[in-house]
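Letters A, B, ... are given to chains in the order of the sequence lines, protein chains preceding strands, and every chain is numbered from 1.
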Protein chains: 2
Amino acid sequence: MTASPEPQPLTGPVEDYLKAIYDLELVGSPASTNDIADRLAISPASVSGMVRRLADQGLVSHEPYRGVRLTGDGRRAALRTLRRHRILECYLTEVLDYPWDRVHAEAERLEHAASEELVERMAAALGDPVQDPHGAPIPTRDGRVEESALRTLAEAAPGEQVRVRRVHDKEPARLRYLAELGIRPGCHLRILDKAPFDGPITVWVEDAVGGATRAVGVGLAAQVYVESEGQA
Amino acid sequence: MTASPEPQPLTGPVEDYLKAIYDLELVGSPASTNDIADRLAISPASVSGMVRRLADQGLVSHEPYRGVRLTGDGRRAALRTLRRHRILECYLTEVLDYPWDRVHAEAERLEHAASEELVERMAAALGDPVQDPHGAPIPTRDGRVEESALRTLAEAAPGEQVRVRRVHDKEPARLRYLAELGIRPGCHLRILDKAPFDGPITVWVEDAVGGATRAVGVGLAAQVYVESEGQA
DNA sequence: AATCAATTCTAGGGTGACCTAAATCCCATC
DNA sequence: GATGGGATTTAGGTCACCCTAGAATTGATT
């Protein structure tokens, strides 16, 4: 039984790496150097260097040329950061009325500076939210998350009725556009049509005023995660 | 007329130096290397190095062996950081009910990460406060402050009645103790006695429940700024 | 089995921000 | 007007994090 011996503070970049690796590992396989580099907009060579340092600190295990996996410590650290990030996002939108599309960037900076105490105070003020404004689940204080495997809107079939559960949060422009379309976590969609050859997906947006028909390209649809609610 | 050309983001350490120099300059003379080093808990040699960099960036002017002064740009940057810091302190105490003595440390970290937008939203939520929880004035958006020259409690004479305007905020333990004594910005004191040879100052604390007599050492009294309200 | 492209790692650099130790400068005092 | 102590700067080093260029590895394809 290893007692948890004070999680010592990590640097901002380290926290960013751990989050990225956590995310990449979610799909199953270990995170590749290139994928990490892409996600952090950093050269692959720099990733190699940093991964060595992370491994030295016992946060990841690295099989050269094979990829990187979080250790127990690494995973715990990643989840702590993720919790901070997502609670900050909630607080910014709900209490400070921050615009949907700018919340991510602000939280991205604050998550490295905000203390556990601050974040827990925010969580308490919000009544311990369980998901952030983009539908991502918030890890609990003791590091549990239930990352449900969701399909994307791009994979839904015509005739299906779905509920939007989550959307990607990185790109403000896409978020603004989705908001314009009325597509947000929690809203209901009916898939009307799916054009061949990766063509646009036509959906009926239940929750728009009076309902509305919208066409969404596959690229965007792939960033919208849905859960089936039955056939038409 | 130099148009203000986007204040580019400064690093955390740079902001800390500028704040320190601003503070030291308040007493009139240019900031000395040693004083800056003391305040930031850094070696004097490191300060020399950093000051060169600050001068290169046009934020300070440095006369070797003579001290450092903020330039216009440097002063503006310092005041922006100070505004962020103090609004954060207000927000943390008033909205998130943060304990008086821990607010400073948290704000110290957040001030480097919080965007202008966030801080202004907080300020708006508070109705644009003009001073922080320790009584320090908050610079306006356009960089104005009125730093009133105050006497300290250590300088007050027996018989005087004073109002506490401001207390130093760096040391949590001292703040907690002052709070215990009932001494906070806004409270009223009557100086009952001042023991010789830097002995303790005995005060009547008006605002304590039913009023209370307290003795304060000079060291602590020197960190409490007061404004006279008349003689007994 | 050999080769080739993509991936990943190593080598070698650069910057910011810190350090200690050793000059150097200032000035108050003799 | 020399001198010594205190303040300051320079010299030289470390660490984290990033870079580009080039070498090494992989495994997919001939």
Side-chain angles (χ1 to χ4, degrees), chain A residues 7-21 24-25 27-70 73-74 77-78 81 108-109 111-113, chain B residues 8-21 24-25 27-69 73-74 77-78 81 108-109 111-113:
Chain A
Q8 85 283 29
L10 306 171
T11 65
V14 165
E15 289 185 337
D16 287 337
Y17 273 84
L18 295 179
K19 272 200 315 175
I21 296 167
L24 291 167
E25 263 193 290
V27 302
S29 37
S32 80
T33 301
N34 253 11
D35 288 350
I36 300 171
D38 278 1
R39 176 166 293 237
L40 298 176
I42 267 174
S43 79
S46 302
V47 172
S48 279
M50 180 61 117
V51 162
R52 172 194 311 287
R53 257 170 276 138
L54 294 177
D56 288 349
Q57 291 176 67
L59 295 167
V60 304
S61 64
H62 180 214
E63 275 207 73
Y65 294 101
R66 280 287 143 68
V68 183
R69 280 189 182 285
L70 294 177
D73 279 1
T81 308
E108 197 76 11
R109 288 189 303 270
E111 66 187 3
H112 306 306
Chain B
Q8 86 284 28
L10 306 171
T11 65
V14 165
E15 290 185 336
D16 288 338
Y17 273 84
L18 296 178
K19 273 200 314 176
I21 296 166
L24 291 167
E25 262 192 289
V27 301
S29 37
S32 80
T33 301
N34 251 14
D35 288 351
I36 300 172
D38 277 2
R39 175 165 294 234
L40 298 175
I42 268 173
S43 79
S46 302
V47 172
S48 278
M50 180 61 116
V51 161
R52 173 194 310 290
R53 258 170 275 138
L54 295 177
D56 288 348
Q57 291 177 66
L59 295 166
V60 304
S61 64
H62 180 216
E63 276 206 73
Y65 296 100
R66 281 285 144 68
V68 183
R69 279 188 183 284
D73 279 0
T81 307
E108 197 77 10
R109 288 190 303 271
E111 67 187 3
H112 306 305

Base, sugar-phosphate or nothing for Ser48(B)? Non-hydrogen atoms, less than 4.0 Å. base

Just call it for Pro44(B): base, sugar-phosphate, or nothing, with non-hydrogen atoms closer than 4.0 Å on any strand. base

Atom-pair distance ([atom1] on [X]; [atom2] on [N]), nearest Å:
X: Met50(A); N: dC19(D); atom1: CE; atom2: C1'; value: 14 Å
X: Asp56(B); N: dT15(C); atom1: CG; atom2: P; value: 12 Å
X: Leu54(B); N: dC18(C); atom1: CG; atom2: C1'; value: 14 Å
X: Asp38(B); N: dG6(D); atom1: CG; atom2: P; value: 15 Å
X: Ile42(A); N: dT8(C); atom1: CD1; atom2: C1'; value: 16 Å
X: Arg53(A); N: dT10(C); atom1: CZ; atom2: P; value: 13 Å
X: His62(A); N: dT7(C); atom1: NE2; atom2: C1'; value: 11 Å
X: Asn34(A); N: dT25(D); atom1: CG; atom2: P; value: 18 Å

Pick the nucleotide of DNA chain D nearest each of Ser32(B) and Val47(A); which residue has the one closer to the 5' end? Ser32(B)

Assign each of Thr33(B) and Gly12(A) the nucleotide of DNA chain D bearing its closest heavy atom; nearer the 5' end lies the nucleotide of Thr33(B)

Correct closest heavy-atom pair for Pro30(B) and Arg66(B) would be CG-O, 3.9 Å

Which heavy atom in Ala37(B) sits nearest to a heavy atom in Ser43(B), and how many Å separate them? CB-C, 4.0 Å

Is the phosphate of [N], meaning OP1 or OP2, less than 4.0 Å from a side-chain N or O of [X]?
X: Tyr65(B); N: dT10(D); value: no
X: Arg52(B); N: dT9(D); value: no
X: Arg66(B); N: dC27(C); value: yes
X: Tyr17(B); N: dC18(C); value: yes
X: Ser46(A); N: dC19(D); value: yes

Say whether, by atom type as modelled, one donor and one acceptor occur between the side chain of Arg69(A) and the main chain of Ser61(A) under 3.5 angstrom. no

Output for pair (Leu10(B) CG, Leu18(B) CG), nearest 0.5 Å, gives 6.5 Å

What nucleotide among dG16(C), dC19(C), dC17(D) has an atom nearest to a side-chain atom of Ser43(B)? dC19(C)

Only one of Val14(B), Thr33(B), Asp16(B) clears side-chain contact (heavy atoms from CB on, under 4.5 Å) with Met50(B); which? Val14(B)

